[in-house]
*Asks:* 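Please find one structure pasted underneath; my questions will follow.
Given the structure is predicted, the values throughout are model-derived calculations rather than measurements. FYI, side chains are in, hydrogens and waters are out, and symmetry mates aren't considered; it's all heavy atoms of this structure.
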Amino acid sequence: MTGQVRTVDGRVAGRRGQATRQKLLDCLDEMLSSSPYRDVRVIDVARRAGTSPATFYQYFPDVEGAVLELAESMAKDGAALSDLVADRSWAGKSGWRTAETLVDGFLAFWRKNDAILRVVDLGAAEGDKRFYKIRMKVLNAVNGPLTESIKELQSRGRVDKDVNPAATAGALVMMLASVASHQKGFQTWGVKQAELKPNLALLVHLGVTGRKPTR
């Protein structure tokens with residue numbers, strides 16, 4: 001870990017303390033994958049990490065505080081989602097590859113962080129501004145560059161002037177997020193992952209360019 005890590009009472013944690021803190025976070029992350037957020041207790045996280053509740057409280061005020069740490073870390077990783085869109089071409093076959101790359105990367109990020117993203121979505125839906133800001137930080141990593149891509153296409157006459165770039169990008173990003181959070185559900189509809197991706201990429205390409213892709 002880099003930088004100074006402090007305990008709840010403001011003391012700088014040493015190397016051993018940092019390792020313990022990270023282990024607690026890793027164990028909490030694992031538990032969120034198999035247990036409802038509301039059911040996770042400090043004592044259970046501490047036991048899984050091989051330490052005590054007192055040690056947990058040295059680093060986090062409560063389970064929610066630790067969850068927010070996980071969420072903030074996830075959001076920092078999510079900044080890399082912008083690379084899936086920024087400075088990429090939407091013309092010809094390159095446009096189709098860009099749509100595929102965006103869909104592949106977005107769905108993979110959601111699968112990797114499924115547990116913590118479910119908690120973030122729950123907190124945001126309940127009106128918790130802390131979770132809402134984290135959720136928007138992740139979505140904005142794609143929404144910003146996607147809006148710019150549509151503006152550029154519009155400036156070159158490749159997208160109708162009546163199209164609102166921000167509204168279009170926002171709708172596409174929300175579609176991606178909704179699909180990404182429901183990936184397992186598609187299987188109950190008889191849709192395999194290999195079938196979902198190209199069809200989702202088609203919708204993204206149509207949404208951005210207004211044109212059928214060249215494959």
*Asks:* Distance from F106 atom CZ to L84 atom CG, nearest 0.5 Å?
*Replies:*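 The CG atom of L84 is 9.5 Å from CZ of F106, to the nearest 0.5 Å.
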*Asks:* Side-chain heavy atoms nearer than 4.5 Å, only ILVMFWY residues, links allowed to pass through others: does that put L196 and W189 together?
*Replies:*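 Yes; tracing contacts between hydrophobic side chains, which count when under 4.5 Å, links both residues.
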*Asks:* Under 4.0 Å between a Lys/Arg side-chain N and an Asp/Glu carboxylate O for E148 and K151?
*Replies:*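 The answer is yes: the pair qualifies as a salt bridge.
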*Asks:* Same cluster or not: L117 versus L200, using hydrophobic residues (I, L, V, M, F, W, Y) connected whenever any side-chain heavy atoms lie under 4.5 Å apart?
*Replies:*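 Yes, same cluster.
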*Asks:* Please tell me if the side chains of L172 and N143 come closer than 4.5 Å, counting only heavy atoms from C-beta onward.
*Replies:*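 Not in contact.
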*Asks:* If you define the side chain from C-beta out and look only at heavy atoms, does anything of L122 sit under 4.5 Å from R38?
*Replies:*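 They are in contact (side-chain heavy atoms under 4.5 Å apart), so the answer is yes.
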*Asks:* Does the S94 side chain pair with the main chain of W90, one donor and one acceptor, at a distance under 3.5 Å?
*Replies:*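 Side chain of S94 to backbone of W90: no pair is present.
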*Asks:* Within the structure provided, determine whether L107 and R111 are in side-chain contact (heavy-atom separation under 4.5 Å).
*Replies:*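 SC-SC contact between L107 and R111 confirmed.
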*Asks:* Where do V67 and V63 land on the side-chain contact (heavy atoms from CB on, under 4.5 Å) test, with the steps shown first?
*Replies:* CA-CA 6 Å; V67 165; V63 170; 4.1 Å; yes
*Asks:* Say whether, by atom type as modelled, one donor and one acceptor occur between the side chain of S181 and the main chain of S178 under 3.5 angstrom.
*Replies:*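 Yes; judged by distance alone, with no hydrogens or angles, the pair exists.
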*Asks:* With a 3.5 Å distance limit and no angle check, can you tell me whether T98 reaches the backbone of S89 through a side-chain donor-acceptor pair?
*Replies:*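 Yes: the side chain of T98 pairs with the backbone of S89.
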*Asks:* State, yes or no, whether a side-chain contact exists between Q187 and K192 at a heavy-atom distance under 4.5 Å.
*Replies:*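 Side-chain contact under 4.5 Å: no.
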*Asks:* Same cluster or not: L202 versus V208, using hydrophobic residues (I, L, V, M, F, W, Y) connected whenever any side-chain heavy atoms lie under 4.5 Å apart?
*Replies:*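 No, because L202 and V208 fall into different hydrophobic clusters, even though each may have its own neighbours under 4.5 Å.
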*Asks:* Measuring from atom NZ of K137 to atom CG of L81, what distance do you get when rounded to the nearest 0.5 angstrom?
*Replies:*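 It comes to 12.0 Å.
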*Asks:* Does the side chain of L68 reach to within under 4.5 Å of the side chain of F60, using non-hydrogen atoms?
*Replies:*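 Side chain of L68 against side chain of F60, heavy atoms only: no contact under 4.5 Å found.
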*Asks:* Salt bridge check: are R118 and D114 linked by an N-O gap of less than 4.0 Å?
*Replies:*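 Yes, R118 and D114 are salt-bridged.
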*Asks:* Once salt bridge (Lys or Arg N to Asp or Glu O under 4.0 Å) is applied, what residue pairs with a partner in residues 195-208 remain, sequence neighbours excluded?
*Replies:*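 Passing the test, one end in residues 195-208: D104-K197.
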*Asks:* Nearest 0.5 Å, please: how far is CG in L146 from CG in N140?
*Replies:*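 The CG atom of N140 sits 12.0 Å away from the CG atom of L146.
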*Asks:* Using the six-membered ring wherever Trp is involved, compare the ring planes of F186 and H182 and label them parallel, tilted or perpendicular (cut-offs 30° and 60°).
*Replies:*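 The rings of F186 and H182 stand perpendicular, inter-plane angle above 60°.
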*Asks:* One pair to check against side-chain contact (heavy atoms from CB on, under 4.5 Å): R135 and D121. What are the steps and the verdict?
*Replies:* CA-CA 7 Å; R135 187 173 194 274; D121 284 348; 2.6 Å; yes
*Asks:* Verify the cluster assignment for L206 and V204: are they in a single hydrophobic cluster under the rule of side-chain heavy atoms below 4.5 Å apart?
*Replies:*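 No, L206 and V204 fall in different hydrophobic clusters.
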*Asks:* Closest approach of A49 and L24, non-hydrogen atoms and distance?
*Replies:*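 That would be CB-CD2, 3.7 Å.
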*Asks:* Just how far is it from atom SG of C27 to atom CG of L32, taken to the nearest 0.5 Å?
*Replies:*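 Separation between the atoms: 11.0 Å.
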*Asks:* Keeping H205 on the side-chain end and R211 on the backbone end, is there a donor-acceptor pair under 3.5 Å?
*Replies:*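 Looks like yes, one N/O pair under 3.5 Å.
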*Asks:* Could you name each residue pair satisfying salt bridge (Lys or Arg N to Asp or Glu O under 4.0 Å) that touches residues 64-79, not counting sequence neighbours?
*Replies:*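 Every salt bridge (Lys or Arg N to Asp or Glu O under 4.0 Å) pair that includes a residue of residues 64-79, provided the two are not neighbours, is R21-E69, E64-R130.
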*Asks:* With a 4.5 Å cut-off on side-chain heavy atoms, are L176 and W110 touching?
*Replies:*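 Side chain of W110 against side chain of L176, heavy atoms only: no contact under 4.5 Å found.
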*Asks:* Test of understanding: with side chain to side chain contact (heavy atoms under 4.5 Å, CB included), list the residues that count as partners of D39, not counting sequence neighbours.
*Replies:*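 Testing D39 for side chain to side chain contact (heavy atoms under 4.5 Å, CB included), a comparison that skips the adjacent residues, returns P36.
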*Asks:* Do W96 and V85 sit in one hydrophobic cluster, given that two such residues count as connected whenever their side-chain heavy atoms are within less than 4.5 Å of each other, even indirectly?
*Replies:*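 No: no chain of side-chain contacts under 4.5 Å links W96 to V85.
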*Asks:* To the nearest 0.5 Å, what is the distance between CG (L70) and CG (L25)?
*Replies:*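 So the CG of L70 and the CG of L25 are separated by 5.0 Å.
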*Asks:* For D160, look at atom CG and say whether over 12 heavy atoms of other residues, nucleotides or ligands are found less than 6.0 Å away.
*Replies:*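 Yes.
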*Asks:* Would you indicate whether the side-chain heavy atoms of I43 and R47 approach each other to under 4.5 Å?
*Replies:*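 A side-chain contact exists here, since the closest heavy-atom pair is under 4.5 Å.
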*Asks:* Where the side chain of T188 meets the backbone of G185, is there a donor-acceptor pair that is under 3.5 Å apart?
*Replies:*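 Indeed, once roles are kept as given, a pair shorter than 3.5 Å links the two residues.
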*Asks:* Taking all atoms of both residues into account, what is the closest heavy-atom pair of D44 and M31, and its distance?
*Replies:*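 For D44 versus M31, the nearest heavy atoms are CB-CE, 3.5 Å.
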*Asks:* Within a radius of less than 6.0 Å around OH of Y37, do more than 12 heavy atoms belonging to other residues, nucleotides or ligands occur?
*Replies:*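 Counting neighbours around OH of Y37, more than 12 heavy atoms of other residues, nucleotides or ligands fall under 6.0 Å, so yes.
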*Asks:* State the CE-CD1 distance between M74 and I134, to the nearest 0.5 angstrom.
*Replies:*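 The CE atom of M74 sits 6.5 Å away from the CD1 atom of I134.
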*Asks:* Please examine the side chains of M174 and L139, heavy atoms only from C-beta on, and report whether any two atoms are closer than 4.5 Å.
*Replies:*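 Of all side-chain heavy-atom pairs linking M174 with L139, at least one is under 4.5 Å.
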*Asks:* Determine, step by step, whether S52 and T55 satisfy the side chain to side chain donor-acceptor pair (under 3.5 Å) criterion, reporting the C-alpha distance in whole Å, the side-chain angles of both residues, the deciding distance to 0.1 Å, and the verdict.
*Replies:* CA-CA 5 Å; S52 67; T55 298; 3.1 Å; yes
*Asks:* Is the number of heavy atoms from other residues, nucleotides or ligands within 6.0 Å of CZ (R215) greater than 12?
*Replies:*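 Yes, CZ of R215 has more than 12 neighbouring heavy atoms, counting only those of other groups under 6.0 Å.
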*Asks:* Between N164 and A167, is there a donor-acceptor pair closer than 3.5 Å when you use the side chain of the first and the backbone of the second?
*Replies:*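 Flag set: sc N164 to bb A167 pair under 3.5 Å.
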*Asks:* Begin with the C-alpha distance, continue with both residues' side-chain angles, and end with the deciding distance and a verdict on side-chain contact (heavy atoms from CB on, under 4.5 Å) for F56 and T51.
*Replies:* CA-CA 8 Å; F56 180 97; T51 186; 5.9 Å; no
*Asks:* Return the minimal non-hydrogen interatomic distance between Q183 and A180, and the atom names on each side.
*Replies:*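 Heavy atoms of Q183 and A180 come nearest at NE2-O, 3.0 Å.
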*Asks:* Of all the heavy-atom pairs spanning S82 and A79, show the shortest one and how long it is.
*Replies:*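 Result for this residue pair: OG-O, 2.9 Å.
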*Asks:* Examine distances only and state if a side-chain atom of E100 and a backbone atom of A201 form a donor-acceptor pair shorter than 3.5 Å.
*Replies:*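 Side chain of E100 to backbone of A201: no pair is present.
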*Asks:* What is the minimum heavy-atom distance between V138 and A75, and which atoms define it?
*Replies:*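 Closest approach of V138 to A75: CG2-CA, 3.9 Å.
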